[in-house]
Amino acid sequence: MRPFEYTRAQSTETATRDAAGGAMFIAGGTNLLDLMKLEVMAPAELVDINRLELDRIEETEDGGLRIGALVTNSDLANDTRVRRDWPVLSRALLAGASGQLRNKATTGGNLLQRTRCLYFYDRAMACNKREPGSGCSAREGFNRILAILGTSEHCIATHPSDMAVAMRALDAVVETVKDDGSTRRLNLDDLYLLPGDRPDRETVLEPGELITAVVLPAPVAGRQTYRKVRDRASYAFALVSVAGVVAMEDGRITRADLAFGGVAPKPWRDPQVEALLVGQTPSEALFEKAADQLLAEAEGFGANDFKLPLTRRTLVSVLTELTQEART
Amino acid sequence: MTEHFKMDAPATDRRLDDMAQGLVGAPLDRPEGPLKVTGTATYANEWQVEGMVHGVMVRAPGNSGRVVLSNRNDVAKMPGVLSVIQDDRLLRNPAQGTANKAPIQGPQQAAYLGQLVAVVVAETFEQARHAAQSLMVRLEDGEVRPVDPATAAVEPQDDQTLDQGDLDAAMKDATHSVDEVYTTPSHSSSPMEPHASIASWEGDDLTLRGSYQMLKYNRNELADSLGIHPDRVRILSPYVGGGFGSKLGLAPEAVAAAIAAQELGRPVSVALQRPQVYEATMRRSETRQRIRLAADADGRLSGFGHDARVSNLPGEVFAEPVLQASHFLYAGKNRQMSLDLARLHRLCAGSVRAPGEAVGVTVVENAMDELAQKVGIDPVELRLRNIPETDPESGKEFSSRRFREALESGARAFGWADRPGLKERREGEWLVGYGMASAARINALMESQARVTLQPDGRARVETDMTDIGTGTYAILGQIAGEMLGLPRDRVDVVLGDTTLPPAAGSGGSWGASSSGTSVYVACQAIRRQLADRLDVDEKDLLLKDGRVTFDNQTKALGDVLQGDEIAKLGHVEPGDTSTAVRQATFGAYFAEVAVHAASGETRVRRMHGSFAAGRILNAKTARSQCLGGMTFGIGIALTEEIAFDPRDGHVANHNLAEYHIPVNADVPQLTVELLEERDDWASPLQAKGIGELGICGAAAAITNAIYNATGVRVRDYPATLDKVIAGL
Amino acid sequence: MPIIVGPNRFRSGGMLPQGSPLPAATYGTLHAYHGLLLQDRINSETFPVQTHLTINGTQQRLELDPRTTLLDALRHHLGLTGSKKGCDHGQCGACTVMVNGRRINSCLTLACMHDGDEVTTIEGIGQPGNLSDLQEAFVSEDGFQCGYCTPGQICSATAMLDEVRSGWPSHVTDDLTGDAALTTEEISERMSGNLCRCAAYPNIVEAIRKAAEKTA
């Protein structure tokens, strides 16, 4: 870990100003410190934002929820409103990491987690995300955990979050503030960039821009689930995960909000998959067609080839569960 | 005063059964428990040593070439840095268990990616870590080297070759046969405590506070590595945060700490970072094993074949002994076995819990399950029909063997009779199946010494350089001494883990308890004889209990017999003729119920039971815990554990605890264990055999066999991760 | 693409035949990354940060290199070695302590981030001769073998039981809006952030159940 200057921010103004000057925000620190210890990340300045008052969960006027960026994963998962009205989010959070990590990890930090790609984490290996232009060691390496969708020839990393997958299915909006005091609202999907030829750039956030909250729209009708498939029963990253909000009316699907984790550089959502499902009567053939659509462009790199059939099977299983329950 | 004992004849007197204190075998709590649960037991990197500074090791970024530290002088100027040390005495890789001499040294030629080539020492850990990360390691004049066992050159291990009868003919004539290839990946011991050493010198004398399993060997390995006399070296390891083989032999951090401390004239602590534990300590070799079974219509074996390939670094003699239990577990008069050692440039292969049987018995038990399916009989019945009368190769008798009882009793305890047919049971999206496997592990007694002192105050003190790596040594040595000397457990002190104490067998190979326990027993016998002499009675007529001596219808307090004197005896046991006169092994059986998710292929172990026979059980509580640990290793082997080597340079890609998946709490159900009562007179005068590894030797097969029963999918390429399961669903 | 810095390992892809010489510039660690040049490394100094915190009820004033994790502050600077370093990356739970009553991995947080916080370590939970119910149950149920993960298990379990009492659900809780029960499955899931290679898991679960019953 390189030496750094440490400051405790007293306001978002000073925090964003420091960050615009090159400092990095630290909140929970569960991912940043992990990477700093390996010098995969090496900020010269850290701004501790834990004292900022961004740790509240408030109801919005239109029946949604504004989640402060510093709300911990535990507090968010355990919030009675989230458990009742957005259970997919609660489930996703509880499926992630461990009790200890959830107590520290924050909402904003979780969105900005870096990939778990083993080559990104190892400074002896070429990695375009860590060092643009150095090459991608993962493509022909041990890539079991890596992406099958949204990849580029320069990077096949996955985004590791569970929480963000559920938020993506819930059409969450991210609120930010910049050092000039201006704010903006971003659909979660618009927060993230695909790797292309600059996999080191992962979000559209500008230097000094701070996530202040995530806003959930009002709850929608339908059944929700978060299915996480992994190598251990607990405390493991998703190989594939599916966040689903599915509603039925008169035997037909009226809503199918589906987001996927473990398969892409960002929480993945495919409107064409949803369009294909909505208005239809559920059947295994329909679900298989949805999977065909989802995986039309998917590509494996050897050790992760299995993610194609696994994603298919998981999607079909989740849709079966959500539509069966809705019918009964 | 040394009491010497050589195990040349069976110990049929069973003296422990004559004792009155009632300690041996009892499920007593560990005496060091209160220290461990309060964080006050001191592990290697926790000694507060005055003036201590910190060293962090640096790795080779490739597997070939001459190491050049291109900015060494600059790094030496970084804040707090005291020294950047590159030294020909540093180790290329750890010593193998019981090596007793330095392993290959001189890490200036890279042999594997991750090899530790230098150590950077600074005033604080933070400074040392950053400086180590700043050191540029370049490899010059390297070449592309073999890292894949499938294509690397192999060396047949001729001493392992067996050709008895005609297996090819037996296979041809068999009514039912199995001829399959199974593969197991490399495993990591992954003890929770990373390897760490604090070295300090006083003049020419070195004290190393380390985390090691076999101190008498480790002392010689360290002395030899440094080129000094062993008398100058003291190693302290009173508490060891897990070993599982990875701390059998001296590891690179110990030598680095010793060299740095000498150069700087200050105590130096060097702890391996977790990725370094994965990359530079020991791995279990991956294996490719072909099993051939030839059977008649009833499933009686006429032939048994086991041919394997394992691997190691050039210059290392260790070859994962996967054939070990195949020699005696099952009948079959036509037998063929062979072992090839591939030479390649992955990290060093050595002992990981139950080297050989952990993966060797496992695949044999898969093949037996395949045979049972073909013959159409209960897999338990197939095993029962093939228990050989005597060792099927040498014809020797078994010392003791409650194998049949373990199979039958285990099946009853588990409810095996209710097992579902193939792909028969489904609960929602979960496919449910049962599986079983046999357990077998060789047994050995090793040379060991301990001093027991009966103090005038009626307390006893046991001293030996034996270690307790979680195995229960503190508990059982106190129980043996208390039993023999008639003292309640809390009146016996056990001091371990210090090379100034009598040298013990060390913790490994499942021999620690019976070997060091026998040395304590031998010393106590000598004390009993001296007490008897004082009272002028025969030792056999002495009854010692609760600090009192009863003889000739009188009872005296021990203190009155001692009259201010202490009696100290050194017990020294050596293996003898019983090691070779009979076949010695431990046996058991595992039963597992799994649920496999029909969509994702994820497997959950719902229930698992083990019945084991390992001679006299010295402490039913700690012995059971050893079995729980072994069975859980089995769950890991079956489902999750695999060192993932990069196919290009052989480095450990998943070098951390997030990606090398040891089982977590949720992966392990409430395992049940049955310990069968047994006395093995040939094994030791305690009639005890080893139990530290038996729980793993075949356990994984019970789970993969259950996956087959649930799904019809045979995963022959371990671990049975979900990708391999869904490929067959 | 931007200019290439650092090594070009694997960049060209494919495998070279065995025995062929490695291309120059292969097999080197990085020369530069994230703008962190060697000169910056040599010249980099740290300035100690003052932190006031309460550890096991005792006020402590620390003046440490800001890089010091809470775990290293405990182990290297306060002599509190009960909290263990197993992985230093939040992957094992051996370093678990409670901060303001909640369990966290002390290896993944900086000491200086805890100004004003109350930290409870294993040393604050009980001492030999004065064991907490959980500590006693771990001894009697043999909820450990080597003992290295044990302080983390006990700190974690102590806080976990509070979480259950507060009605927090877990991954295996069927009804998110109902109460949490302390079943075997629940204990196992909630304790899965604490690895135990000796695999005392069944005994750990039993010890926690026993201690919880005693306290209830």
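Note that the structure is predicted; figures quoted are calculated from it, not measured. Below, chains carry the letters A, B, ... as their sequence lines are ordered, and counting in each starts from 1.
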**Item:** Residue pairs passing the ring pair (Phe, Tyr, Trp, His ring centres under 6.0 Å) test where at least one lies in residues 143-179 of chain C, sequence neighbours excluded
**Value:**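 Non-adjacent pairs meeting ring pair (Phe, Tyr, Trp, His ring centres under 6.0 Å): B/Tyr43-C/Tyr148.
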Would you give the length of the straight line joining atom [atom1] of [X] to atom [atom2] of [Y], rounded to the nearest 0.5 angstrom?
| X | Y | atom1 | atom2 | result |
| --- | --- | --- | --- | --- |
| A/Arg102 | C/Ser170 | CZ | OG | 8.0 Å |
| A/Asn103 | C/Arg103 | CG | CZ | 6.5 Å |
| C/Asp88 | A/Leu33 | CG | CG | 10.0 Å |
| A/Tyr6 | C/Cys112 | OH | SG | 4.5 Å |
| A/Gln100 | C/Cys92 | CD | SG | 9.5 Å |
| C/Leu108 | A/Leu101 | CG | CG | 6.5 Å |

Please check if atom [atom1] in [X] has more than 12 non-hydrogen atoms from other residues, nucleotides or ligands closer than 6.0 Å.
| X | atom1 | result |
| --- | --- | --- |
| A/Glu53 | CD | no |
| C/Glu185 | CD | no |
| C/Asp174 | CG | no |

**Asked** Looking at C/Arg102 and A/Asp75, does any basic side-chain N land under 4.0 Å from a carboxylate oxygen?
**Response**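 Between A/Asp75 and C/Arg102 there is a salt bridge, with a charged N closer than 4.0 Å to a carboxylate O.
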Taking [options] one by one, which has the highest count of heavy-atom pairs under 4.5 Å against chain A?
| options | value |
| --- | --- |
| C/Val49, C/Val172, C/Leu110, C/Asp65 | C/Leu110 |
| C/Glu189, C/Met191, C/Arg67 | C/Arg67 |
| C/Val99, C/Ile104, C/Thr46 | C/Ile104 |

Pick one of side chain, backbone, both or neither for [X], based on which atoms fall under 4.5 Å of a heavy atom in chain A.
| X | answer |
| --- | --- |
| C/Thr96 | side chain |
| C/Arg190 | neither |
| C/Cys155 | neither |
| C/Glu163 | side chain |
| C/Ser188 | neither |

**Request:** Sort by residue number and list every member of residues 236-245 of chain A having a non-hydrogen atom under 4.5 Å from chain C.
**Result:**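 Hits under 4.5 Å: none found.
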Using non-hydrogen atoms and a 4.5 Å limit, figure out which bit of [X] sits close to chain C: side chain, backbone, both or neither.
| X | answer |
| --- | --- |
| A/Ala138 | neither |
| A/Arg139 | neither |
| A/Thr80 | neither |

Residue pair [X] / [Y]: nearest heavy atoms and the distance that separates them:
| X | Y | value |
| --- | --- | --- |
| A/Ser98 | C/Asn105 | OG-OD1, 4.4 Å |
| A/Asp34 | C/His89 | OD1-ND1, 2.6 Å |
| A/Arg232 | C/Leu195 | NH1-CD2, 4.4 Å |

Side-chain heavy atoms of [X] within contact of [Y], under 4.5 Å:
| X | Y | answer |
| --- | --- | --- |
| C/Cys107 | A/Lys37 | yes |
| A/Arg91 | C/Leu176 | yes |
| A/Leu46 | C/Pro66 | no |

